[in-house]
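Just so you know, these numbers use all the heavy atoms, side chains as well, and skip hydrogens, waters and symmetry mates. Within every chain, numbering begins at 1; the chains are lettered A, B, ... in the order of the sequence lines, protein sequences first and strands thereafter.
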Number of protein chains: 2
Amino acid sequence: MSKPRGRPARGDGITREQILDAALLLLEEGQGFSMRALAARLTVTPMSLYHHVGDHAGLLRAISDRVYAAVLAGDAAAEDPAARIRTLLVRYHGAVKAYPQLTLAIFAQPAAFAGTTRDITDQLLALLGMLTRDGELWLDILVDHAHGSALAFHALRDHPQQAASMQARYLKALDQLLARLA
Amino acid sequence: MSKPRGRPARGDGITREQILDAALLLLEEGQGFSMRALAARLTVTPMSLYHHVGDHAGLLRAISDRVYAAVLAGDAAAEDPAARIRTLLVRYHGAVKAYPQLTLAIFAQPAAFAGTTRDITDQLLALLGMLTRDGELWLDILVDHAHGSALAFHALRDHPQQAASMQARYLKALDQLLARLA
DNA sequence: ACCTGAACACCGTTCAAGT
DNA sequence: ACCTGAACACCGTTCAAGT
């Protein structure tokens, strides 16, 4: 029943990518994510995970790097600044909304995650600088609003009717804010 | 060394208020809040807490009720709507900022906390209705922004220089938004 | 009513042992 | 290099026992 003690035959071992995939799923199920539960799902010993992703904080960091890297996908030069700003914010809002538990974990240990979303805010700030003199102020407003809205969405996940209209409400609020920017 | 097993003499027992006071302090120290750690700080058995505040979720609920009730203090009729809106938002932002760990715990289990801040949003919505037809939209914008900003403040708590200017930046952003509302 | 103490099913992580 | 297994110091919570 139990696996042999030593190094597994080639191909039998667990992959870093498999761990991250499973971790993201388990995390957002919300029923108590833990290293041990994740290991059990992968039919592996808890300590096996440490070899690939480090400890709990390291695992969360690897997950968030993957999730937020996807927000920056696409060619920045292909859109005009206003459109690119909107694209980045909608995608960022979508990522936070899709993985609220990850977001909460990040906020709970901000020191460990400084810089994870730095690329996104840097690009947004540069783009905002083209449209207004108050770039930093509007970066605050837009990013904070995206965070708050996405988390509020999570808070309403048990009320499908309200949740369904949340995306439309975010887009409406975002366009309202962007219109005030110009 | 150890306390007697039975009911303590009058006045020797622990108070619900003492538990909430200590819990709020311990929670925001950020070094791993737990029922057992809280009990240890109060030099009491973990199970003693259950008698006064229920389980972990019940304790958090009791804490948040206390914290957010303070936001509504003061006489609503003494201020005009715009001023009252600003007062409520600044105070709400202050509460979230002062107790970020509490806020994160609430967002992590939103089902258990539905209604905790309902009084605040209800009053804000009524006030916003006096100033604009898009009351719900602006409620979203202003509350979400307050949440996001307060949590961002927490994320920067290890960078005192930036953190010091965060309050001023929130007030500036808030006034910017409120100006757009009229 | 209010507290203790033992117990159960969990955690994250370290360290040694195995291939 | 990559995995297991035992161990340590923790969790939240239930239940029985005590006054």
Side-chain angles (χ1 to χ4, degrees), chain A residues 1-23 26-27 29-63 101-102 104-106 108-109 111-113, chain B residues 1-23 26-27 29-63 101-102 104-106 108-109 111-113:
Chain A
M1 211 57 194
S2 62
K3 292 185 182 177
R5 227 173 192 269
R7 182 180 188 176
R10 176 163 155 55
D12 274 19
I14 205 76
T15 299
R16 182 185 165 88
E17 291 306 306
Q18 289 172 359
I19 293 174
L20 296 184
D21 288 340
L26 185 58
L27 182 63
E29 287 175 13
Q31 312 284 351
F33 173 81
S34 71
M35 298 294 276
R36 291 182 114 110
L38 176 58
R41 174 154 305 190
L42 292 164
T43 61
V44 142
T45 287
M47 282 318 300
S48 177
L49 303 179
Y50 282 74
H51 213 275
H52 296 275
V53 296
D55 61 10
H56 197 167
L59 173 59
L60 288 176
R61 201 180 208 302
I63 296 175
Q101 302 287 353
L102 175 63
L104 291 169
I106 289 174
Q109 299 180 8
F113 295 93
Chain B
M1 212 57 192
S2 62
K3 291 185 182 178
R5 226 172 192 269
R7 181 180 189 178
R10 175 164 156 55
D12 274 19
I14 205 74
T15 298
R16 181 183 166 89
E17 291 306 307
Q18 288 172 358
I19 293 175
L20 295 183
D21 288 342
L26 184 59
L27 182 64
E29 285 175 14
Q31 313 284 351
F33 174 81
S34 72
M35 297 293 275
R36 290 181 114 110
L38 177 59
R41 174 152 305 190
L42 292 165
T43 60
V44 143
T45 286
M47 282 319 300
S48 176
L49 304 178
Y50 283 73
H51 213 274
H52 295 275
V53 295
D55 62 10
H56 197 167
L59 173 57
L60 288 176
R61 202 179 206 301
I63 296 174
Q101 303 286 355
L102 175 65
L104 290 169
I106 288 174
Q109 300 180 5
F113 293 93

Return no unless some side-chain N or O of [X] is found under 4.0 Å from OP1 or OP2 of [N].
{"X": "S34(B)", "N": "dC11(D)", "value": "yes"}
{"X": "S48(B)", "N": "dC2(C)", "value": "no"}
{"X": "Y50(B)", "N": "dT13(D)", "value": "yes"}
{"X": "H52(B)", "N": "dA1(C)", "value": "no"}

For H56(A), report the nucleic acid contact type (base, sugar-phosphate, nothing); a contact means any heavy atom under 4.0 Å. sugar-phosphate
Rounding to an integer number of Å, can you tell me how far [X] [atom1] sits from [N] [atom2]?
{"X": "R36(B)", "N": "dC10(D)", "atom1": "CZ", "atom2": "C1'", "value": "8 Å"}
{"X": "M35(A)", "N": "dT14(C)", "atom1": "CE", "atom2": "C1'", "value": "13 Å"}
{"X": "Q109(A)", "N": "dG12(C)", "atom1": "CD", "atom2": "P", "value": "12 Å"}
{"X": "H51(A)", "N": "dG5(D)", "atom1": "NE2", "atom2": "C1'", "value": "16 Å"}
{"X": "L38(B)", "N": "dT13(D)", "atom1": "CG", "atom2": "P", "value": "13 Å"}
{"X": "L49(B)", "N": "dC11(D)", "atom1": "CG", "atom2": "P", "value": "12 Å"}
{"X": "F33(B)", "N": "dC11(C)", "atom1": "CZ", "atom2": "C1'", "value": "17 Å"}
{"X": "L59(B)", "N": "dC11(D)", "atom1": "CG", "atom2": "P", "value": "14 Å"}

Note: Q18(B) and G13(B) closest approach over all heavy atoms is OE1-O, 4.4 Å
State the pairing partner of dT14(D); accept Watson-Crick or G-U wobble contacts with both distances under 3.5 Å, and report none otherwise. dA6(C)
Pairing partner (Watson-Crick or G-U wobble, both distances under 3.5 angstrom) of dT19(D): dA1(C)
Beyond-backbone contact of [X] with [Y], side-chain heavy atoms, under 4.5 angstrom:
{"X": "I63(A)", "Y": "L102(A)", "value": "yes"}
{"X": "I106(B)", "Y": "L60(B)", "value": "no"}
{"X": "I19(A)", "Y": "V44(A)", "value": "no"}

Side-chain atoms of T45(B) come closest, of dG5(D), dT13(D), dT4(C), to dT4(C)
Between atom CG of L26(A) and atom CG of D21(A), what is the distance when rounded to the nearest 0.5 Å? 12.5 Å
Considering heavy-atom distances to DNA chain C, does G32(A) or M47(A) have its closest nucleotide positioned more toward the 5' end? G32(A)
